[in-house]
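Worksheet: one structure, shown below.
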Amino acid sequence: MQIIGSYIQKLQLEKGSSSQEIASMLELSPARWENIVRGRTQITRDHIYKLSLYFNQPVKDLLIHYQYGRLLSETTDKNDLQINLSGESIQFPVGIRGIGASKRFQNMLEYMNKLHESKLTIIPHEPSASLSQYIDSITYCRGHNLDYPFEKIIPDGTVQLLIHLDGEERTIISDAATRRTKKAWVSGIQRRQHIYRLRGNETIVYIRFRPGGFHALTQIPQWELEDEIIDAELLLGNSISRLWEELHDCSAIPDIFMKIEQFFLNRINGQLNLAAQVVGYVTNYIDHPLPVLIKKTGYSQKHLIQLFKKHIGVTPKYFQRIKRFNQVLNDLQTTASDSIDWSGIVYKNGFYDQSHLIKEFKHFANIQPQAFIDSAPTCTTFLHSKVLY
């Protein structure tokens, strides 16, 4: 990962920022940030989005540096993998093939080629202070499919609103049914993976809510949305259609973000109540033992379960399982395939044994751990595929 670390150091020097300032912005300890810069620990895609905003650099440039570092970590034949990352533009030899033996490496290389050739535009937006306790991120994406016809979405414990600015019909495939939607849809907290078809140079805005945030802004009990993918107009009424019309007429991306923010600012109704604060506390420390957390809230287990299903959509235990599984995905995504310590991953994340871990993979993602490793995604939540699986 040292390529991305070196690039970040260069940007840091140009901006004149301190390491402490950047670490604070990323909500990391200075030691953790130093390890990222030195290539000793992983950087996540969320970090890349935040750094893009902070340094005012295109996400695509950061992703290319990041992906090159991943490629270098996967092969010992580094002399044959030469990519010019110097200067203002990034040049990549598109015809390069055949380096490394693993399927993981080949998938990384294919993604690198497509990333370099594509007209991908990703613009993240940090919600204003008034919305930040409800909304985690707003992201504008155009051309994000990179020639893959399918995108598999793995449960990550969040609710999302996806707005398709071109208004073309989309097909979403889940265990329950195949759905079609045009303008916008809401994905409630999911227990299983679902897949939707990608097409052409589509333009999408992703609004990702913090745990409990969608309930706080809409007052919709989240258990009603569990494992559901619903046309947004059915949930939010004609207001979402009016928002879509306004966004469709926008010629500037900052105006899109401004209108989305105003839409949700109008839905804020006072401060978060005590129940929402308690749920927020538990979600923030969900990696701790649940009996300890329940005791600290002062609520009974039964009452806390009721609150979680209303504000989050699932029980605290199930939410903990989702978050634990996603931590495993992050560990596998950012570790070279020959350095994966399965015993360490099992122990670190509180699984009984490796078979327990494999069972969770099958439950949440419908794939084996090795299949995830081979896919070499840049983002653990979205896995692109050429075939429906």
Side-chain angles (χ1 to χ4, degrees), residues 27 44 46 132-137 153-161 174-176 186-194 207-230 235 271-332 345-353 355-366 380-381:
E27 299 179 353
T44 69
D46 285 344
S132 60
Q133 60 183 325
Y134 308 100
I135 297 176
D136 178 66
S137 61
I153 304 179
I154 294 178
D156 67 350
T158 64
V159 174
Q160 292 196 76
L161 168 63
S174 66
D175 290 343
V186 174
S187 174
I189 193 167
Q190 300 294 314
R191 288 175 173 265
R192 301 287 195 277
Q193 56 87 24
H194 61 274
I207 298 98
R208 183 184 183 195
F209 297 89
R210 294 190 183 277
F214 191 73
H215 172 266
L217 292 170
T218 66
Q219 300 306 306
I220 298 172
Q222 295 304 283
W223 59 264
E224 294 182 0
L225 308 182
E226 178 191 350
D227 270 340
E228 292 289 342
I229 301 166
I230 305 174
L235 290 176
Q271 297 297 315
L272 293 176
N273 59 32
L274 179 59
Q277 293 177 36
V278 168
V279 170
Y281 167 78
V282 176
T283 59
N284 287 337
Y285 295 95
I286 198 65
D287 56 328
H288 289 53
L290 285 178
V292 175
L293 291 178
I294 293 171
K295 185 176 180 180
K296 286 187 176 182
T297 66
Y299 288 172
S300 69
Q301 180 177 349
K302 182 179 180 180
H303 187 45
L304 187 62
I305 287 174
Q306 291 173 340
L307 288 179
F308 248 74
K309 289 183 72 68
K310 180 180 179 180
H311 289 259
I312 306 295
V314 292
T315 66
K317 184 176 181 180
Y318 201 89
F319 186 76
Q320 187 180 63
R321 284 178 62 193
I322 293 174
K323 289 300 182 180
R324 179 178 62 183
F325 176 68
N326 276 266
Q327 181 56 52
V328 172
L329 296 185
N330 185 68
D331 290 343
L332 295 180
I345 289 175
V346 167
Y347 175 77
K348 171 188 171 185
N349 293 286
F351 292 98
Y352 300 126
D353 51 30
S355 64
H356 182 202
L357 172 59
I358 293 172
K359 185 178 180 181
E360 290 291 86
F361 257 89
K362 187 68 175 177
H363 175 82
F364 287 117
N366 198 32
T380 57
T381 303

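When a residue number appears, it is its place in the shown sequence, counting from 1.
- Within the 3.5 Å criterion, the main-chain N or O of Ala275 finds a donor-acceptor partner in the side chain of Asn273.
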>> Determine whether Ile229 and Gln190 satisfy the following criterion, side-chain contact (heavy atoms from CB on, under 4.5 Å), listing intermediate values before the conclusion.
In response: CA-CA 9 Å; Ile229 301 166; Gln190 300 294 314; 4.1 Å; yes
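- Of the possible polar contacts, none joining the Gln219 side chain to the Leu217 backbone as a donor-acceptor pair under 3.5 Å is found.
- The cationic group of Arg324 does not satisfy the cation-pi geometry with Phe319, failing either the under 6.0 Å distance to the six-membered ring centre or the 45° limit from the ring axis.
- Here Arg210 contributes atom CZ and Ser132 contributes atom OG; the two are 6.5 Å apart, rounded to the nearest 0.5 Å.
- Between Pro211 and Thr283 the shortest heavy-atom distance is CB-CG2, 4.0 Å.
- Judged by distance alone, with hydrogens and angles left aside, the side-chain atoms of Gln277 form a donor-acceptor pair with the main-chain N or O of Leu272 at under 3.5 Å.
- At least one side-chain heavy atom of Val328 sits under 4.5 Å from a side-chain heavy atom of Phe361.
- Side chains of His194 and Ser187 form a contact here, defined as non-hydrogen atoms less than 4.5 Å apart.
- Rounding to the nearest 0.5 angstrom, the gap separating the CZ atom in Phe364 from the CD1 atom in Ile322 is 5.0 Å.
- Two residues are said to be in side-chain contact when any heavy atoms from C-beta on lie closer than 4.5 Å; Leu225 and Ile189 fail this criterion.
- Within 6.0 Å of CD in Glu226 there are more than 12 heavy atoms belonging to other residues, nucleotides or ligands.
- Of all non-hydrogen atoms in Glu360 and Phe351, the two that sit nearest each other are CG-CE2, 3.6 Å.
- In this structure, Asn330 contributes its side chain and Asn326 its backbone to no donor-acceptor pair below 3.5 Å.
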>> For a side-chain contact (heavy atoms from CB on, under 4.5 Å) check, start with the C-alpha distance between Asn349 and Leu357, then their side-chain angles and the critical distance, and finish with the verdict.
In response: CA-CA 9 Å; Asn349 293 286; Leu357 172 59; over 6 Å; no
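- Listed by chain and residue number, Tyr299 satisfy the ring pair (Phe, Tyr, Trp, His ring centres under 6.0 Å) test with His303 (two or more places apart in sequence, or in another chain).
- The CH2 atom of Trp223 lies 11.0 Å from the CD atom of Glu228; values are rounded to the nearest 0.5 Å.
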>> Would Lys348 and Asp331 count as a side-chain contact (heavy atoms from CB on, under 4.5 Å) here? Give the steps.
In response: CA-CA 11 Å; Lys348 171 188 171 185; Asp331 290 343; 3.1 Å; yes
> Taking it one step at a time, do Asp136 and Ile207 satisfy side-chain contact (heavy atoms from CB on, under 4.5 Å)?
Replying inline: CA-CA 8 Å; Asp136 178 66; Ile207 298 98; over 6 Å; no
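- In this model, no donor atom of one side chain and acceptor atom of the other lie less than 3.5 Å apart for Thr44 and Asp46.
- Atom CD of residue Glu224 and atom CD1 of residue Ile230 lie 8.0 Å apart, to the nearest 0.5 angstrom.
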Exercise answer: donor-acceptor pairs, residues 310-318 side-chain atoms, under 3.5 Å, sequence neighbours excluded:
from: His311; atom 1: ND1; to: His215; atom 2: ND1; distance (Å): 3.4
from: Thr315; atom 1: OG1; to: Tyr318; atom 2: N; distance (Å): 3.2
from: Tyr318; atom 1: OH; to: Arg191; atom 2: O; distance (Å): 3.4
from: Tyr318; atom 1: OH; to: His363; atom 2: NE2; distance (Å): 2.6

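- Taking CG of Leu235 as the start and CD1 of Ile220 as the end, the distance is 4.5 Å to the nearest 0.5 Å.
- Of all the heavy atoms in Ile286 and Leu293, the pair that sits closest is CA-CD1, 4.1 Å.
- Note that OG of Ser137 is 7.5 Å distant from CD of Gln160, once rounded to the nearest 0.5 Å.
- The environment of OH in Tyr281 is crowded: more than 12 heavy-atom neighbours from other residues, nucleotides or ligands sit within 6.0 Å.
- Closest approach of Ile154 and Thr380 over heavy atoms only: CD1-O, 3.8 Å.
- Considering only heavy atoms from C-beta on, Thr381 stays 4.5 Å or farther from Leu329 through its side chain.
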>> salt bridge (charged side-chain N to carboxylate O under 4.0 Å, His left out) for Lys323 and Asp156? Distances and angles first, verdict last.
In response: CA-CA 7 Å; Lys323 289 300 182 180; Asp156 67 350; over 6 Å; no
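- Contact annotation: the side chain of Val186 approaches that of Val159 to within less than 4.5 Å [non-hydrogen atoms, C-beta and beyond].
- Residues Phe214 and Tyr134 keep their aromatic ring centres 6.0 Å or farther apart.
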